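One structure is given here, and the rest of the page talks about it.
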Amino acid sequence: MTDLTTLLEVGGPLAALGGGAAYTRAKYPAVYWSAVGGPISTARLLSSYSSVMEACGLTVAPSRLRVLAVKATTRREVRPVPPRRGLIRPTSTGLRIRLRLAPGQEPADVAASAERLRHAWGVHAVYVTTVKPGVVELRLVGYDVLRRVRMPRKTDSGFLKVPVALREDAMPFVRDYRTVPHQLTLGATLSGKSMYLRHLVAGLARQPVALVGIDCKRGVELAPFAARLSALATDPDEAAELLPVLVKEMEDRYDLIKARQGIAPDTPDEGITSDIWGLPEAERPVPVVLFVDEVAELFLTATRKDEERRDEMVTQLIRLAQLGRAAGIYLEVCGQRFGAELGKGATMLRAQLTGRVCHRVNDEASAKMALGDIAPEAVSAACAIAPELPGLAVAGDTSGGWSRIRTPYLSLGDAAEICRESAHLVPDLAALKSFRPDVPVRLVETLAPAVLPHPATD
């Protein structure tokens with residue numbers, strides 16, 4: 001009886017400690033990693049580094065000088081040499097360690113063993129990046145950072161840069177319009193595409209940039225940001241009037257570049273290799289970001305007259321995609337469905353969109369249209385996105401690289417409030433004044449209401 005009492009006295013706190021650790025790991029993975037998971041993985045790495053590297057085939061035969069030195073000083077067996085390990089740097093999401101490769105090794109050898117290293121050291125994932133010739137960095141992620149997204153405190157933000165999501169390697173996914181000028185974003189209903197677009201608008205609203213929107217869903221996606229928009233078209237008819245104005249604005253900017261650099265006025269726009277960033281700051285026109293939501297609505301036709309209008313709009317979009325970068329005009333094309341069956345010009349427009357973000361889609365053809373031409377292996381990853389994970393997407397570009405990302409939650413009210421606070425940053429573009437959306441006046445109650453409103457949930 002005494003032994004049973006002692007066992008209960010000892011086992012009770014241990015059970016409570018184990019239950020608390022399991023709860024913390026499920027609800028607060030970052031806290032669990034910092035307190036428990038990180039130290040355990042560090043101990044595993046330090047104690048098994050040489051044996052794990054040898055098992056993964058990442059060791060080389062020792063040099064003759066090393067063999068002679070070991071035999072002269074000790075009698076132990078001469079073992080293969082693993083890559084030289086640097087200091088282990090803990091982070092809030094994992095560990096970082098640099099390796100100096102042995103002669104004859106390449107970063108691809110380490111990348112091929114990433115899955116083995118993950119299991120050997122008990123972490124969620126291992127990512128390999130090249131720092132410089134002969135040196136790679138292992139980024140060990142301790143838990144699934146995409147399950148509950150928390151953006152890093154320090155991000156690579158700047159002019160025309162928006163940290164919009166978190167990558168699966170715990171690094172921020174930054175939408176850089178100077179590097180990737182145009183992008184295609186696809187996603188089915190409730191896939192998180194609107195949340196991604198919301199972050200882009202909110203991030204650009206605080207910058208001296210002109211925001212233009214084409215929302216063929218009667219403006220339900222972009223109308224809440226009307227205070228910060230320089231122009232908004234809510235149906236194909238208005239879009240058919242707005243796009244020629246943007247093309248004319250682009251041509252005027254090319255004329256400005258020609259005049260400043262002494263280029264002959266009759267030189268075609270395609271022959272100009274410079275851009276507005278070479279102009280003096282006082283003469284440089286403000287950048288323009290065009291958001292096109294539900295791009296398929298611009299391709300749909302019912303009559304022959306609609307076909308003519310569609311062909312004109314698609315031609316103008318292609319011109320903006322081909323020539324807009326040098327003029328400081330960038331495209332963000334979004335839609336639920338995008339394929340060659342939309343009509344003439346669809347594949348040509350897609351070819352000009354360097355960046356690709358594919359959320360959960362309803363068919364494999366849309367995923368192939370978004371990612372098939374740049375990273376075929378990413379198509380299966382996009383098709384495997386579950387409906388229970390809104391905001392999860394696969395992002396890639398024409399360089400062939402891709403990664404899974406997830407956008408954090410941002411309420412529509414908070415994004416609209418950011419746009420209202422940044423309304424004074426709307427640039428003065430005379431060509432777009434007629435397309436400026438009406439901003440509804442917010443009613444401010446000076447008297448207390450007679451009946452208190454019930455709390456509402458988002």
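On a predicted model such as this, the values are computed, not experimentally measured, just so you know.
- A salt bridge does not link Glu297 to Arg310: none of the charged nitrogens lies less than 4.0 Å from a carboxylate oxygen.
- Val136 places a side-chain heavy atom less than 4.5 Å from the side chain of Leu101.
- Side-chain atoms of Leu349 and Leu184, non-hydrogen and from C-beta on, never get closer than 4.5 Å to each other.
- Contact check for Glu54 versus Pro82: no side-chain heavy atoms found under the 4.5 Å cut-off.
- No donor-acceptor distance shorter than 3.5 angstrom exists from the side chain of Gln322 to the backbone of Arg319, with no hydrogens or angles considered.
- Heavy atoms from other residues, nucleotides or ligands lying under 6.0 Å from CZ of Arg89 number more than 12.
- Judged by distance alone, the side chain of Gln105 and the main-chain N or O of Val110 form no donor-acceptor pair under 3.5 Å.
- Expressed to the nearest 0.5 Å, how far CD of Glu106 lies from OG1 of Thr130 amounts to 9.5 Å.
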Side chain to side chain contact (heavy atoms under 4.5 Å, CB included), that's the test. Do Leu166 and Arg406 meet it? Break it down for me. CA-CA 5 Å; Leu166 185 69; Arg406 193 176 187 187; 5.8 Å; no
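- Counting only heavy atoms from C-beta outward, the side chains of Trp121 and Leu138 approach each other to under 4.5 Å.
- Remark: Arg139 engages Glu137, Asp169 in a salt bridge (Lys or Arg N to Asp or Glu O under 4.0 Å) (not counting sequence neighbours).
- With Ser47 contributing its side chain and Arg44 its backbone, the two residues share a donor-acceptor pair below 3.5 Å.
- A donor-acceptor contact closer than 3.5 angstrom is absent between the side chains of Tyr330 and Gln183.
- Distance CG/Leu87 to CD1/Ile97: 8.5 Å, rounded to 0.5 Å.
- No donor-acceptor pair under 3.5 Å is formed between the side chain of Asn362 and the backbone N or O of Ala188.
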Check: residues 111-118 side-chain donor-acceptor pairs under 3.5 Å, at least two apart:
residue, atom, partner, partner atom, Å
Ser113, OG, Asp109, O, 3.4
Glu115, OE2, Arg118, NE, 3.2
Glu115, OE2, Arg118, NH2, 2.9
Glu115, OE2, His119, NE2, 3.3
Arg118, NH1, His124, O, 3.3

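- A distance of 4.5 Å separates OG1 in Thr42 from CG in Leu95, rounded to the nearest 0.5 Å.
- Nearest heavy-atom pair, Cys216 versus Leu298, reported as atom, atom and distance to 0.1 Å: SG-CD2, 3.6 Å.
- Between Arg325 atom CZ and Gln352 atom CD the span is 12.0 Å, to the nearest 0.5 Å.
- If you take NE2 on His199 and OH on Tyr409, they are separated by 9.5 Å, rounding to the nearest 0.5 Å.
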Start with the C-alpha distance between Thr185 and Leu197, add both sets of side-chain angles, then the distance that settles side chain to side chain contact (heavy atoms under 4.5 Å, CB included), and finish with yes or no. CA-CA 9 Å; Thr185 303; Leu197 182 64; over 6 Å; no
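- Side-chain atoms of Val357 and Val394, non-hydrogen and from C-beta on, never get closer than 4.5 Å to each other.
- Here the closest non-hydrogen pair linking Val201 and Cys419 is CG1-SG, 3.9 Å.
- Of all heavy-atom pairs between Pro152 and Pro172, the closest is CG-CD, 4.0 Å.
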Validation: residues 370-388 side-chain donor-acceptor distances under 3.5 Å, sequence neighbours left out:
residue, atom, partner, partner atom, Å
Asp373, OD1, Arg356, NH1, 2.9
Asp373, OD2, Arg356, NH1, 3.4
Asp373, OD2, Arg356, NH2, 3.3
Glu377, OE2, Trp402, NE1, 3.4
Ser380, OG, Glu377, O, 3.1

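- Across every non-hydrogen atom of Trp33 and Thr91, the tightest pair is NE1-O, 3.6 Å.
- By the 4.5 Å heavy-atom criterion applied to side chains, Pro427 and Pro208 are not counted as neighbours.
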Walk me through whether Val247 and Glu251 qualify under side chain to side chain contact (heavy atoms under 4.5 Å, CB included). CA-CA 6 Å; Val247 173; Glu251 294 173 347; 3.9 Å; yes
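- Checked options Leu232, Leu242, Leu229, Leu222; the residue passing with Val212 is Leu242 (criterion: side-chain contact (heavy atoms from CB on, under 4.5 Å)).
- Within a 6.0 Å sphere centred on CG of Leu190, other residues, nucleotides and ligands contribute 12 heavy atoms or fewer.
- In this structure a side-chain-to-backbone donor-acceptor pair under 3.5 Å is missing from Arg167 to Phe173.
- Remark: the backbone N or O of Asp414 is paired with a side-chain donor or acceptor of Ser411 at under 3.5 angstrom.
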Would Leu186 and Gln336 count as a side chain to side chain contact (heavy atoms under 4.5 Å, CB included) here? Give the steps. CA-CA 5 Å; Leu186 296 182; Gln336 297 184 26; over 6 Å; no
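- Here CD1 of Ile405 is found 10.0 Å from CD of Glu168. Values are rounded to the nearest 0.5 Å.
- The backbone N or O of Met369 lies less than 3.5 Å from a partner atom in the side chain of Arg350, making a donor-acceptor pair.
- The two atoms that bring Ser41 and Val123 nearest to each other are OG-CG1, 3.7 Å, heavy atoms only.
- Geometrically, Arg175 engages Tyr177 in a cation-pi contact, judged by NZ or CZ lying under 6.0 Å from the ring centre and within 45° of the ring axis.
- Screening residues 343-383 for ring-ring contact (aromatic ring centres under 6.0 Å, His included), with sequence neighbours left out, gives Tyr196-His359.
- Residues Val128 and Pro107 share a closest heavy-atom pair of CG1-O, 4.4 Å.
- Under the 4.5 Å side-chain criterion, counting only non-hydrogen atoms from C-beta, Asp252 is not in contact with Tyr254.
- In this structure, His182 contributes its side chain and Ala321 its backbone to a donor-acceptor pair below 3.5 Å.
- Taking a cutoff of 4.0 Å between a charged side-chain nitrogen and a carboxylate oxygen, Lys193 and Asp293 qualify as a salt bridge.
- Not a single side chain to side chain donor-acceptor pair (under 3.5 Å) links His424 to another residue, sequence neighbours left out.
- Residues Ser194 and Glu221 have side chains that bring a donor and an acceptor to within less than 3.5 angstrom of each other.
- No donor-acceptor pair closer than 3.5 Å links the side chain of Arg98 to the backbone N or O of Ile88.
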Sequence neighbours left out, cut at 3.5 Å: what donor-acceptor pairs do the side chains of residues 280-292 make with other protein atoms?
residue, atom, partner, partner atom, Å
Glu283, OE2, Arg260, NH1, 3.2
Arg284, NH2, Leu279, O, 3.2

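- Counting heavy atoms from C-beta outward, Phe225 and Ser422 have side chains that stay 4.5 Å or more apart.
- A donor-acceptor contact closer than 3.5 angstrom links the side chains of Arg337 and Ser366.
- Without hydrogens or angle criteria, Ser51 side chain to Ser48 main chain gives a donor-acceptor distance under 3.5 Å.
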